[in-house]
Amino acid sequence: MLKFSRGIDQDRAATAGGLQQIAFARGAAAAAQPSRLPTLVATAATVAVLYFARDVFLPLAIAILLTFALAPLVSRLRRVGCPRSVAVIGTVTTAFLFLSAFGVVIAMQVSEVAQNLPTYQYNIVEKVRTLKETGSESQILERIGRVIERISTEISRPEPEMRASPEPAPEAKPLLVEIFSPQRPVETLKNIINPLLGPLATTGLVIVVVIFMLFEREELRDRFIRLVGYGDLHRTTEALQDAGARVGRYLLMQLVVNITYGIPLAIGLSLLGIPNAVLWGMLAIVLRFVPYIGPVIAAALPLFLAFAAAPGWSLLVWTAALFIVLELLSNNVVEPWLYGSRTGLSPLAIIVAAIFWAWLWGPVGLVLSTPLTVCLVVLGRHVPQFEFLEILLGNEPVLDPKERLYQRLLAGDPDEATDNAEDMLEEKYLVEFYDTVAIPALLLAERDRARGALTNAQAAQIAQSANTLIANLEEIAGEEEGEEETGAEAQESDGDDDADEYDLPPGDGKSVLCVGGRSDLDDVTASMLAQTLWIQGADAAHARHEVLKAGNIKALKLEGRNAVVLSVLDRDFMRHAKFTVRRLKRMAPAARVGIVLWQEDARPGTTERDQLIESLQADFMVFGMGDAVREALSDELPRSLKLAHPKIAPGYAMRRSKRADRESTVKAD
């Protein structure tokens, strides 16, 4: 009793110490986790500064982006042997002369369109009248007009007021008189120049900043590294290179795409007879820098002009067809060909960023929204404090494939899980998908179930959704079964290549039964293993874990089976596996009986595995899909069951002989 009580006290002390260690570890982890509040406060303060000081930061942002765009050209000229000053001044001068000429042409074309608008008035009125007459035949427009007229009349009608006494006549108000005086030439010139001073000053400031940034590019880079990343030169340098490469490539490729769109558009509109076709092509080049909204605006203006310029409807139809053809070619041919890699932004992030920067800096912010957001994503990728920016704005998946599949199964959505699986199966085989995605997802579910975070109902829901997924992938499994012979011939021809992990043996003439260990999730893994064996050509079947119970195991049909495989996710099953393995080996002496203990990481070593096989008296024990298929289809002979322990065997034989003597004595009497 004393030893027993001491053992209990030791266990309690160990348990208390373990709980204290767990509590200490949780507290340390909570203390080590950085708070999000300073980052959010800093972000809000930065947005406020950018909004209220936009007159200062907007030219700087334009200058920085132009520096990113012109830096590759300057570097190329330097490599050719051009002096730095000549390369910088020449590149900046050429770029701004081109932009100035671009702006002058657009201004001239816009003034010409404004002068010609009155000539289109007759066509617009006639087409509106035609539409009105077409609508009046069905009396739709007339009814709508009468309803609107009644509502407006009722709203504008004054309410009657009860007057107790006649009101006095209103006092006569003085008449306002405005005196016009001719302006002097100096004042007229001042009124013309004043609106231009702001844009001209901003343009000059941008030019000067771009020149100095290109001259001092290396010096600015070193200062930035010293300021924010001196303790981690590798990460800071990688962030700067990533940001420069992404923004520069985006601006250059987008410019090329827009030019290949705008020039054919101008030529097509000119051939159709649309006035000022050069203007619409140049506007399309500029407006397509605005994501999603820009192409719509670029198409709306020429379509309206086609509606107004000609009396018929054919010009409008041909113009719309031209835009549709150019959009299809640009989106499906030119952009995939020129974009070696995307900007790293999700489509929703591009739209949200466009709204945000348009609110912050107006139309110019709308044009700059995509490159500025690319810089934010690069910042979130390389700076841990701003990782949420990459999660919110980036296009990379934030969940692993196994976590995504587990989430869909937990939500009871096998259809989306099937869609995701089919996308992955375009690049990998079904056995690889099961081994690297599906089984790890079920391991996540098993861990949640073991720690009490997953109820039995949720586990059953996951198993049901997973079974639906397996059934949906049956067609792909059939296609892979037909590919086995071709794949085997290709492997024979490539004899020098390294053996693939998922090069599996054929299963012709083999019969295998896969049985779940102790839960519905184990049954799902048994179904996946059976489907994989069926792809290899084996006669594979699966059974639920209930058949292993004492009252049901005798009804299990094992005749003709070459192997029986127990599929298990929970390691606790090993405590009861020995009895199950022995019964199965007695029922099917000619079959190899083994266990698949599914493990993604930290798989037991060879020594531990051999010890488990010896203690369980199983024929094999594996931890992955590839090894499970190889062992199930192996030609090795099953191992025989060992006799009972030698210390127990003599006593058991003596009791058996005494029992036989008593039975013979009873028969003699």
Side-chain angles (χ1 to χ4, degrees), residues 400-422 424-425 428-450 453-477 480 512-536 538 540-549 552 556 564-573 577 580 594-600 622-629 632:
D400 292 336
K402 61 179 181 181
E403 296 172 342
R404 191 176 182 184
L405 177 60
Y406 175 41
Q407 193 273 334
R408 287 295 84 202
L409 296 178
L410 184 60
D413 190 0
D415 295 331
E416 184 176 348
T418 303
D419 295 337
N420 296 334
E422 290 177 349
M424 286 183 282
L425 288 173
K428 58 179 63 177
Y429 284 104
L430 189 62
V431 57
E432 186 179 359
F433 168 75
Y434 282 155
D435 195 31
T436 59
V437 179
I439 299 296
L442 295 176
L443 282 170
L444 293 176
E446 176 61 29
R447 291 167 190 166
D448 287 346
R449 185 200 62 80
L454 196 68
T455 63
N456 294 331
Q458 290 175 326
Q461 175 66 45
I462 292 174
Q464 182 179 357
S465 300
N467 286 322
T468 305
L469 171 65
I470 296 172
N472 293 338
L473 298 179
E474 191 73 28
E475 182 178 354
I476 297 178
E480 290 189 5
V512 182
L513 176 64
C514 305
V515 186
R518 60 185 304 179
S519 66
D520 294 336
L521 298 178
D522 293 340
D523 297 340
V524 175
T525 60
S527 300
M528 293 178 179
L529 178 58
Q531 192 177 68
T532 305
L533 291 168
W534 176 73
I535 292 174
Q536 297 303 119
H542 64 276
R544 295 179 56 83
H545 65 281
E546 287 89 351
V547 300
L548 298 179
K549 295 182 179 179
N552 301 330
L556 196 61
V564 180
V565 184
L566 299 177
S567 183
V568 184
L569 292 168
D570 188 6
R571 291 182 66 99
D572 292 339
F573 177 78
T580 304
I595 300 175
V596 184
L597 179 60
W598 302 104
Q599 296 290 320
E600 184 183 10
V622 293
F623 309 99
M625 181 66 75
D627 294 335
V629 174

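Small disclaimer: the values here were computed from a predicted structure and weren't measured.
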Are L405 and L469 close enough that some pair of their side-chain heavy atoms sits under 4.5 Å apart?
yes

Would you name the heavy atoms of I595 and A577 that are closest together and state the gap between them?
CD1-CB, 3.9 Å

All side-chain hydrogen bond (donor to acceptor under 3.5 Å, both in side chains) counterparts of Q531, not counting sequence neighbours:
Y434, E474

For C514 and A526, work out which heavy atoms get closest and say how close.
CB-O, 3.6 Å

Kindly compute the distance separating CE (M424) from CG (L430), expressed to the nearest 0.5 Å.
11.0 Å

Apply side-chain contact (heavy atoms from CB on, under 4.5 Å) to residues L443 and L569 and explain how you reach the verdict.
CA-CA 7 Å; L443 282 170; L569 292 168; 3.6 Å; yes

Calculate, to the nearest 0.5 Å, the distance between atoms CD1 and OG1 belonging to I439 and T525 respectively.
5.5 Å

Within-4.5 Å side-chain heavy-atom neighbours: L513 and H542:
no

What residues, two or more places apart in sequence or in another chain, satisfy salt bridge (charged side-chain N to carboxylate O under 4.0 Å, His left out) together with R518?
D570

Roughly how far, to the nearest 0.5 Å, is CD of Q458 from CG of L410?
5.5 Å

Indicate yes or no: at least one non-hydrogen side-chain atom of R404 is less than 4.5 angstrom from one of N420.
yes

At what distance, to the nearest 0.5 angstrom, does OH of Y406 lie from CG of D400?
14.5 Å

Heavy atoms of G517 and L548 approach each other most closely as O-CD1, 3.7 Å

Taking the side chain as everything from C-beta on, heavy atoms only, tell me whether V515 gets closer than 4.5 Å to V565.
no

Cut-off 3.5 Å, side chains only: do H545 and D523 have a donor facing an acceptor?
yes

Who passes side-chain hydrogen bond (donor to acceptor under 3.5 Å, both in side chains) against T436, sequence neighbours left out?
none

side-chain contact (heavy atoms from CB on, under 4.5 Å) assessment of V431 paired with I535
CA-CA 9 Å; V431 57; I535 292 174; over 6 Å; no

Measure the spacing between CZ of F433 and NZ of K428 and express it to the nearest 0.5 Å.
8.5 Å

So, does D435 use its side chain to make a donor-acceptor pair with the main chain of M625 at under 3.5 Å?
yes

To the nearest 0.5 Å, what is the distance between CG (L473) and CG (L425)?
6.0 Å

When every non-hydrogen atom of L529 is compared with those of A628, the smallest separation belongs to CD1-CB, 4.0 Å

Partner residues of E546 under the side-chain hydrogen bond (donor to acceptor under 3.5 Å, both in side chains) criterion, sequence neighbours left out
R544

Go through the steps to decide whether D522 and S567 satisfy the test side-chain contact (heavy atoms from CB on, under 4.5 Å), and finish with yes or no.
CA-CA 6 Å; D522 293 340; S567 183; 5.5 Å; no

Apply side-chain contact (heavy atoms from CB on, under 4.5 Å) to residues V568 and V596 and explain how you reach the verdict.
CA-CA 6 Å; V568 184; V596 184; over 6 Å; no

Can you confirm whether the side chains of Q461 and S465 place a donor and an acceptor under 3.5 Å from each other?
yes

If you compare all heavy atoms of V512 against all heavy atoms of A632, which two are closest, and at what distance to 0.1 Å?
CG2-O, 3.8 Å

Which residues pass the side-chain hydrogen bond (donor to acceptor under 3.5 Å, both in side chains) test with T580, sequence neighbours left out?
none

Contacts of type salt bridge (charged side-chain N to carboxylate O under 4.0 Å, His left out), residue D413, not counting sequence neighbours:
R408

Smallest heavy-atom separation, A540 atom then L533 atom, equals CB-CB, 3.7 Å

Side chain proximity check, L454 to I462, heavy atoms < 4.5 angstrom
yes

